[in-house]
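Heads up: the structure comes next, in structure tokens.
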Amino acid sequence: QTWTVPAGVTTVKLTVTGGGGGAGSSKSSGGGAGATAIKYLTVAPSGSIVITIGAGGNPSNSSPSAGGSTTAVYSGTTITAGGGAGGNSRGGDGGYTSDGDINILGGTAISPDGNTYSAMGGASYWGGGFSTNYGDGPFGSGGNRFGHTTSEVNNKGGAGVVVIEY
């Protein structure tokens, strides 16, 4: 996707969030959240920002996938926010970034009590971390694991996002 800078705009704020990891089937196996990079850029009217959105990771009983990285590129400057890890036996780790003026690591998934089959996906900049079956969460949030057996509901991680403010 490409966003063209409107006439009269000389500064933008980019908020770039990676995709959340999918949930697994074991205890504590929520997915990690995607990282968020916030970057202020000086831009020129009619310039282009090329955007690639990271997908949310897919849930799986055997191998949940990580969320994809989200990028925004403008005139040689690349801002990348990493996706969260897929859920594993201790919860998926959050994504990483170092490209912003402000860098926010994705939240790591947790199990509310460490002894159930429900686990909260990691919370992203946009929210998340639910421990019940709310379905796919906010942008970049980790997938949730909900149930009392290994055959209950695993959710997909939230897709990444780029928000441009000017």
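Side chain of Thr11 to main chain of Thr42: no donor-acceptor pair is present (N/O by atom type, distance under 3.5 Å, no hydrogens or angles).
Both Tyr166 and Ile51 belong to a common hydrophobic cluster when Ile, Leu, Val, Met, Phe, Trp and Tyr are linked at side-chain heavy-atom distances under 4.5 angstrom.
By the neighbour-count criterion of 12 heavy atoms within 6.0 Å, atom CD of Glu165 is densely surrounded, having more than that number from other residues, nucleotides or ligands.
In terms of heavy atoms, Gly127 sits closest to Pro138 at C-CG, 3.7 Å. Closest approach of Ser124 to Gly34, counting heavy atoms only: CB-O, 4.2 Å. Across every non-hydrogen atom of Ser98 and Asn103, the tightest pair is C-OD1, 3.5 Å. Here the shortest heavy-atom pairing between Ala81 and Ala35 reads CB-O, 3.2 Å. For the residue pair Ala37 and Thr97, the shortest heavy atom distance occurs at CB-OG1, 3.6 Å. Across every non-hydrogen atom of Lys156 and Gly57, the tightest pair is CG-O, 3.1 Å.
Other members of the cluster containing Tyr96 are Leu105, with ILVMFWY side chains joined at under 4.5 Å, either directly or via other members. As a member of the Ile/Leu/Val/Met/Phe/Trp/Tyr network built from side-chain separations under 4.5 Å, Phe139 groups with Ile38, Tyr40, Ile102, Ile104, Tyr125, Trp126, Val161, Val163.
In this structure, the separation between CH2 on Trp3 and CD1 on Ile164 is 5.0 Å, given to the nearest 0.5 Å. Here CG of Asn58 is found 10.5 Å from OG of Ser63. Values are rounded to the nearest 0.5 Å. To the nearest 0.5 Å, atoms CG (Leu41) and NZ (Lys13) are separated by 12.5 Å. Note: Lys39 NZ to Leu14 CG = 9.5 Å, rounded to the nearest 0.5 Å.
Just one of Thr80, Val162, Asp99 meets the side chain to side chain contact (heavy atoms under 4.5 Å, CB included) condition when paired with Thr71; it is Thr80.
Proximity of Val9 to Val43: side-chain heavy atoms (C-beta onward) are separated by under 4.5 Å at one or more points.
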